[in-house]
Participant: 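First, the structure itself, so that you have it in front of you.
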Amino acid sequence: MAVFLQWRKFLFFDKDLVKDPVENGKDFALPGGISACDSGRELSLTSLLHMDGKIWLLTRSLQLTSFQAYKLRVTHLYQLKQHSILVSVGQDEHGINPLVKVWNLDKRDSGNPLCTRIFPAIPGTRPTEVSCLSVHENLNFMAIGFTDGSVVLTKGDITRDRHSKTLTLHEGTSPVTGLAFRQVAKVTHLFVATLEKVHCYTLSIKEYPKVELDTHGCALRCSSLSDPSQDSQFIVAGDECVYMYQPDERGPCFAFDGHKLLAHWHRGYLFLITKDSKSSNKESSPSEKQLLTVYDLDNKFIAYSGSFDDVIDVVAEWGSFYILTRDGKMLVLQEKDTQTKLEMLFKKNLFVMAINLAKSQHLDSDGLSEIFRQYGDHLYFKGDHDGAIQQYIRTIGKLEPSYVIRKFLDAQRIHNLTAYLQALHRQSLANADHTTLLLNCYTKLKDSSKLEEFIKSSESEVHFDVEIAIKVLRQAGYHSHAVFLAEKHMHHEWYLKIQLEDLKNYQEGLRYIGRLPFEQAESNMKRYGKTLMHHVPEGTTLLLKGLCTNYHPSVDTYCYSLLTLETANSEEFIPIFANNPRELKAFLEHMIEVDPCSSQGVYDTLLELRLQDWAHEQDTEVSGEAVSLLRSDNTVFDKALVLCQMHNFKEGILYLYEKGKLYQQIMHYHMQNEEYGKVVEACKRYGNQEGCLWEQALGYFARKEEDCKAYISEVLQHIDQNNLMPPLLVVQTLAHNSTATLSVIKDYLINKLQRESQQIEDDERKIRQYREETAHLRSEIQELKTSAKIFQKTKCNMCNSPLELPSVHFLCSHSFHQHCFESYAESEAECPTCTPENRKVMDMLRAQDQKRDLHDHFNRQLHSSNDGFSVVADYFGRGVFNKLTLVTDPPSSKTAGSLEVNLQRELLIHTKRNC
C-alpha cells in the first residue's frame, strides 16, 4: 500500500479561468443547472446537459450550440473517443421511463444531430432509474447500470435496432455505481461496481463468466478505467483507499483517504475530487469547497492539488483539462511542458523522480542522457562517486566519454573509472584509447580476476580493440593473458611474437604455426623461420618440408578444407638454413625426391652443399651424388660450372665441359694439370669435332722443356694423317723446343714431302690432260665456225631406233626423233644428252659470278663500316675463308721461279679478297 504522506507534491499544472472569446476579459459562462457532462475524442465536441432536455455542444472556439434531445430532461451522457457518436439517457415523459438515444454528431437532421436509435432503458419489466452508462469503443457493446442493482447489456451494433440484442447481465440489491469496458487483444471484459461489491464479466465467452473481485464498492462516479500504461486496470475510489483491479484479481491500492466525490483517469493521471477537510471544519458557506488532486501513479507524486467550489465534473479535451463548477464557471488546467517540470525537479535535486518522469513522458534518449549527466554531476559533487559513476554509465552513447574519464583519473577513483570503461566496452562504444586505459586500470589494481573476466568474455558481451589490448597486456608483463587473447581472436602474428620474443617458447610457437592455414603459416615461417631453425632445427625442417610439398594444418583446433593442395616456394626458405647446412641438405633432398620439377635454386643449392661435403670428406660416394645431380639436367650450366670450379671438382668440371662441347676447355684443363696422356686422349676423343685440338696439343708440347718426344710423335702422326697443319707451321712450332731434335720430325717431313711430290705429279698430269682437252675443243669450235656440219647419224640417241623424219640434229652430233626430243628435252635450244654436263659448267660459272658479287659486297661493307674487324669476323663465321685452293702453272724456267712466287702471293691475296 502506497502511503499518501510520502508522495511529493508539485505544481505541474497552471490553473486559469476560461475567458469568453467574444467578450474579452470576461469569464466564460456555462448554461445554468448543469447536471452531467462528457468529452469525446480530440477536437470533438463537449456535451453538456441543461434542465430543459437540451444537449449543449461546446466547440473548441468556445461556441455553444444546443438541440432538443428530450422533452423533459437528460440524465446521462457518454461521448465516444474514436467515433462522433453520443449516447444519452433521458426522459420524454413523467415517471420512471428512461430512454436511450444514440446520436450521430456528423450527420444532421433538420440542423440537429441525427438520432440513429431510440430504445427504453428498463431491466426486464421493472421500471427503475438509470445510475450509470458505458459504451465500448467498437460500438458493439453498451452497458446500462440501474439503481436496483441490475445491468443491462446491449450486444451488437448499438446504433441500429435490427443488429443488436439486449439482455440483463447482472442483478443485485446494491445500486450500480460504475461500469467500464476493458479490451485487451481479442478479449473483452466489463467491470461492474456497486456500493458493496466489484465484479468482472468476460464478454468474449458465450456464458459471460463472472468474477467477484472485491466485497466493497464505491460511490457514484468514483470509478474509472486506466489506460494501457497501468495495464487498463479498473480504478475504484473508496473513502480510505484507491483500489486497482485486474479482470481476475485485485491489484495494488493506494492510501488516498478522504471522502471521494469523483474519480477520473485522463492521459496517465488519476483525478480525485474529495471534500476539503479544512473547509468542512469552518462555518458553512454557500458553495462547498472541494479538493482536486492529480496523481501520477507511475512516478509516485502529486502533479497538482487545488481547492475548488462545487465541482460538477473534470473533462479532458483539446490537450487540456477542464473543471466545470456548479456556479457556471469553467476553469482550465494546462500541463507544464516536460522541460519545465524537469527543471523544477532539478532545483530540488530530485533526479530520480526526474528520470522516472522523463521516461513516462517518453522523453528522447538525448534528454534522458542529459538528466543522467546532471544527476551524476550532483552525486559527484556530493562525494558519492559510486553513485555518480552509475549515472554516468547511463549516459554512454550520448555523453562524450572524456567528460567522465577526466573526473576519475585520480588514483583513488580508479575503481570507478574501471566500472565506467567496462560499461563502455559492453556497449561496443570504446575506442583504442579506452581499451588501453581499462587494461591499465586492471594492471594498476592488480585485479587478475577482473582482467581474465574481461579478456575471456564472449564477443557478444564485450567489444574492444583486441590488438590494442594485446599490446597493453604485453607491455604490462601479462604475457599469458596477451597470448590467450591473441589465440582466441586469431591474431596469429601477436601470438607468435609474444611466444617467441617474450616467452621464448619456441616449441609452442612452432606447433601453433603448424595449425595455421597455408597463407599465414607461410608468412610466419618466413618471418620467424631463422629463429625457429636456430632453436628447434628438426621440427622446423619437418614443418618446412610439409609446407613446401603437401601442407595440411593440424586439425586439433582449426578445421580447414583439404580439397585444395597448396605448396610454398621452397627456394624462398633456403636463407632460413643459413647456419644449418645439415638440415638444409635434408630439406633440399626431400624436395627433389617429392617434386623432381623443383625450382632451379633448389638444385643449385643442393649441388653446392654436396660439393662442400666432397671438399671436406673427399668421399667417392659424395662425389657420385654430386655427379648424379649434374647429370639430372636440372642444374644451370653456368652456375654448376662455377660451383665445380670453386671446389675444384675435377669430375664435375670435365663432365660439364663435355656437356657444353667445350673441348678446348677440356684440353686446357689437362694442360694446366700437366696431364700429357689426358691431353693426347682428349685430342683423340674430340679431334673429329674440333680439329684445332691437335694443333694446340703440338704447341703445348713444343713449349715444354721436358722430354715429350713420344707425345710429339703421336701428335704429329695424327696431324700428318689428317693433314691438319702445313709442314712449315709444324717446323716453326717445334723450333721453340730445345729437346725436340730433327729426328722427332724426320719421319713426318719425309712422309709429307713424298705426298707433296705425288700430289705435284698428279697435278701436272691433270694439267696436261686439261690442255689436250682444251686444244681439242678449240679445234672443234674452229671447225664448226669454218666448215659445214654433216649429220650422218642413223639412230636416235634417245631410243636407239632408226631415225625417221622429222628429226632433230644438234652440233654436238646427237640426233633425235622429233617426238623423242619433244618428250625428253627441257629446252628447244639444248641437247637432252649434253644438258647435264652443260648444267654443271653453267653452275660453276654462276658460282664464280656469285663469288665475284660477294667480293664486291664484302668490299662495300668493309669500307662503309665503322668497325671493319666485326665485318671480317662475321664473314669468317660464315665459313667464307675456310678452304682455299690455288692452281698454278708449273714454272717454265728458273727466271720464272721468283715471278711465280710473286704471282702466287698476288693470287693468294686476290683470291682471299674474292672469297
Participant: Is the side chain of His83 donor-acceptor paired with the backbone N or O of Leu139 at a distance under 3.5 Å, no angle test?
Facilitator: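 No, His83 side chain to Leu139 backbone: no donor-acceptor pair under 3.5 Å.
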Participant: Please determine which of Ile323, Thr293, Val315, Val294 meets the side-chain contact (heavy atoms from CB on, under 4.5 Å) test together with Phe271.
Facilitator: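 It is Val294, the one option of Ile323, Thr293, Val315, Val294 that forms the side-chain contact (heavy atoms from CB on, under 4.5 Å) with Phe271.
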Participant: When Phe28 is tested against each of Leu58, Leu17, Val22 for side-chain contact (heavy atoms from CB on, under 4.5 Å), which residue passes?
Facilitator: Leu58
Participant: Can you check whether Lys329's main-chain N or O pairs, donor with acceptor, with Thr325's side chain at less than 3.5 Å?
Facilitator: yes
Participant: Just so I know, are the side chains of Phe234 and Met244 near enough to count as touching, which here means a heavy-atom distance under 4.5 Å?
Facilitator: no
Participant: Can you find a heavy atom in the side chain of Thr154 that is under 4.5 Å from one in the side chain of Phe119?
Facilitator: yes
Participant: How about Ile371 and Leu363: do any of their side-chain heavy atoms sit closer than 4.5 Å?
Facilitator: yes
Participant: Look at the side chain of Asp157 and the backbone N and O of Thr159, then say whether any donor-acceptor pair between them is shorter than 3.5 Å.
Facilitator: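 Confirmed, Asp157 side chain pairs with Thr159 backbone.
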Participant: Flag yes if more than 12 heavy atoms outside Arg267 fall under 6.0 Å of its CZ atom; otherwise flag no.
Facilitator: yes
Participant: Side chains of Tyr70 and Ser88: donor-acceptor distance under 3.5 Å anywhere?
Facilitator: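 Note: Tyr70 and Ser88 side chains meet the donor-acceptor criterion.
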Participant: Between Leu297 and Gln230, what is the shortest heavy-atom contact and its length?
Facilitator: CB-NE2, 4.0 Å
Participant: Do Asn138 and Gln82 have side-chain N/O donor and acceptor atoms under 3.5 Å apart?
Facilitator: no
Participant: Between Thr177 and Arg221, do the side chains contain an N or O donor and an N or O acceptor separated by less than 3.5 Å?
Facilitator: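 Side-chain D/A pair, Thr177 to Arg221: absent.
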Participant: Give a yes-or-no answer on whether the side chains of Asn112 and Asp109 include a donor-acceptor pair shorter than 3.5 Å.
Facilitator: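 Note: Asn112 and Asp109 side chains miss the donor-acceptor criterion.
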Participant: For the side chain of Ser307 and the backbone of Leu291, is there at least one donor-acceptor N/O pair under 3.5 Å apart?
Facilitator: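 The answer is no, because no donor-acceptor pair under 3.5 Å joins these two groups.
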Participant: Report yes if some heavy atom in the side chain of Val87 is under 4.5 Å from a heavy atom in the side chain of Met142; otherwise report no.
Facilitator: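 Val87 vs Met142: side chains touch.
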Participant: Do you know which two heavy atoms are closest between Ile355 and Gln391, and how far apart they sit?
Facilitator: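 That would be CD1-OE1, 3.8 Å.
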Participant: Tell me whether the count of non-hydrogen atoms from other residues, nucleotides or ligands lying under 6.0 Å of CD in Glu240 goes above 12.
Facilitator: no
Participant: Determine whether a donor-acceptor pair (N or O, by modelled atom type, separation under 3.5 Å) exists between the side chain of His385 and the backbone of Gly383.
Facilitator: yes
Participant: Should Lys336 and Asp14 count as an ion pair when the cut-off is N to O under 4.0 Å?
Facilitator: yes
Participant: Identify the heavy atoms of Ile96 and Pro127 that sit nearest to each other, and give their distance.
Facilitator: O-CB, 3.6 Å
Participant: Is any side-chain heavy atom of Lys9 closer than 4.5 Å to one of Tyr304?
Facilitator: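 No, side chains not in contact.
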Participant: Would one find more than 12 heavy atoms of other residues, nucleotides or ligands at under 6.0 Å from atom NZ of Lys19?
Facilitator: yes
Participant: Give a yes or no on whether a salt bridge exists between Glu335 and Lys341, defined as a side-chain N under 4.0 angstrom from a carboxylate O.
Facilitator: yes
Participant: Does a donor on one side chain and an acceptor on the other come within less than 3.5 Å for Tyr201 and His170?
Facilitator: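 Tyr201 vs His170: donor-acceptor pair found between side chains.
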Participant: Kindly give the heavy-atom pair with the smallest separation between Val89 and Pro98, and that separation in Å.
Facilitator: CG1-CB, 4.1 Å
Participant: With salt bridge (Lys or Arg N to Asp or Glu O under 4.0 Å) as the criterion, how do Glu137 and Lys81 come out once you've worked through the C-alpha distance, each side chain's angles and the decisive distance to 0.1 Å?
Facilitator: CA-CA 7 Å; Glu137 287 292 333; Lys81 306 296 186 293; 5.1 Å; no
Participant: Treating Asn104 as the side-chain partner and Ile85 as the backbone partner, does any N or O pair qualify as donor plus acceptor under 3.5 Å?
Facilitator: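 Checking the backbone N and O of Ile85 against the side chain of Asn104, no donor-acceptor pair under 3.5 Å is found.
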Participant: Can you check whether His136's main-chain N or O pairs, donor with acceptor, with Asn140's side chain at less than 3.5 Å?
Facilitator: no
Participant: With distance as the sole criterion, is a donor-acceptor pair present between the side chains of Thr340 and Asp337 under 3.5 Å?
Facilitator: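 A donor-acceptor contact under 3.5 Å links the two side chains.
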Participant: Do you see a donor-acceptor pair shorter than 3.5 Å between the side chains of Ser150 and Thr168?
Facilitator: no
Participant: Between Phe351 and His378, how do the two ring planes meet: parallel, tilted or perpendicular, split at 30° and 60°?
Facilitator: tilted
Participant: For a 4.5 angstrom cut-off between non-hydrogen side-chain atoms, does Ser223 reach Ile235?
Facilitator: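 The answer is no, as the side chains (C-beta and beyond) never meet within the 4.5 Å cut-off.
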Participant: Below 30° counts as parallel, above 60° as perpendicular, anything between as tilted: where do the rings of Phe301 and Phe10 land?
Facilitator: perpendicular
Participant: Testing Phe256, Trp265, Tyr269, Phe254 one by one against Tyr295 for a ring pair (Phe, Tyr, Trp, His ring centres under 6.0 Å), which residue passes?
Facilitator: Phe256
Participant: Rounded to the nearest 0.5 Å, what separates atom CD in Glu249 from atom CD in Gln246?
Facilitator: 6.5 Å
Participant: Which heavy-atom pair separates Val198 from Gly217 by the least distance, and what is that distance?
Facilitator: CG2-CA, 4.3 Å
Participant: Step by step, work out the side chain to side chain donor-acceptor pair (under 3.5 Å) result for Thr395 and Ser369.
Facilitator: CA-CA 5 Å; Thr395 67; Ser369 177; 4.9 Å; no
Participant: Does the distance from a Lys or Arg side-chain N to an Asp or Glu carboxylate O, for Lys260 and Asp239, drop under 4.0 Å?
Facilitator: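 Judged by the 4.0 Å cut-off on N to carboxylate O distance, Lys260 and Asp239 do not form a salt bridge.
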Participant: Mark yes or no: Lys15 above the aromatic ring of Phe321, with NZ or CZ under 6.0 Å from the six-membered ring centre and no more than 45 degrees from the axis.
Facilitator: no
Participant: Taking it one step at a time, do Asp313 and Tyr322 satisfy side chain to side chain donor-acceptor pair (under 3.5 Å)?
Facilitator: CA-CA 8 Å; Asp313 207 345; Tyr322 293 89; over 6 Å; no
Participant: Walk me through it: do Tyr245 and Phe191 pass the test ring-ring contact (aromatic ring centres under 6.0 Å, His included)?
Facilitator: CA-CA 9 Å; Tyr245 295 95; Phe191 290 99; 7.6 Å; no
Participant: Would you check, one step at a time, whether the test side-chain contact (heavy atoms from CB on, under 4.5 Å) holds for Ile55 with Trp103?
Facilitator: CA-CA 11 Å; Ile55 296 178; Trp103 306 88; 4.2 Å; yes
Participant: Would you mind checking if Arg182 and Asp231 are paired as a salt bridge, meaning a charged N to carboxylate O distance below 4.0 Å?
Facilitator: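 The answer is yes: the pair qualifies as a salt bridge.
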Participant: Keeping the roles fixed (side chain from Tyr392, backbone from Asp377), state whether a donor-acceptor pair exists under 3.5 Å.
Facilitator: yes
Participant: Starting from the C-alpha separation in whole Å, work towards a yes-or-no answer on salt bridge (Lys or Arg N to Asp or Glu O under 4.0 Å) for Asp214 and Arg250.
Facilitator: CA-CA 7 Å; Asp214 215 335; Arg250 191 177 77 178; 3.2 Å; yes
Participant: Are any of the side-chain heavy atoms of Val100 and Ile144 separated by less than 4.5 Å?
Facilitator: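 Val100 reaches Ile144 side chain to side chain.
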Participant: Do the side chains of Asp20 and Lys26 get close enough for a salt bridge, i.e. N-O under 4.0 angstrom?
Facilitator: no
Participant: Quiz question: by atom type and distance under 3.5 Å, do the side chains of Thr188 and Gln183 form a donor-acceptor pair?
Facilitator: yes
Participant: Just by modelled atom types, is the Pro175 backbone N or O under 3.5 Å from a matching donor or acceptor in the Thr194 side chain?
Facilitator: no
Participant: Does Glu93 come within less than 4.0 Å of Lys71, counting only side-chain N to carboxylate O?
Facilitator: no
Participant: Go through the side-chain N and O atoms of Thr59 and Ser61 and say whether any donor and acceptor fall under 3.5 Å apart.
Facilitator: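 Short answer, yes.
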Participant: Looking at Gln91 and Gly95, would you say the former's side chain and the latter's main chain have a donor-acceptor pair under 3.5 Å?
Facilitator: yes
Participant: Provide the closest heavy-atom pair for Cys222 versus Leu262 in the form atom of the first, atom of the second, distance.
Facilitator: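 Smallest heavy-atom distance, with atoms named: SG-N, 4.0 Å.
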Participant: Inspect the contact between Asp92 and Arg73 and indicate whether a charged nitrogen and a carboxylate oxygen are less than 4.0 angstrom apart.
Facilitator: no
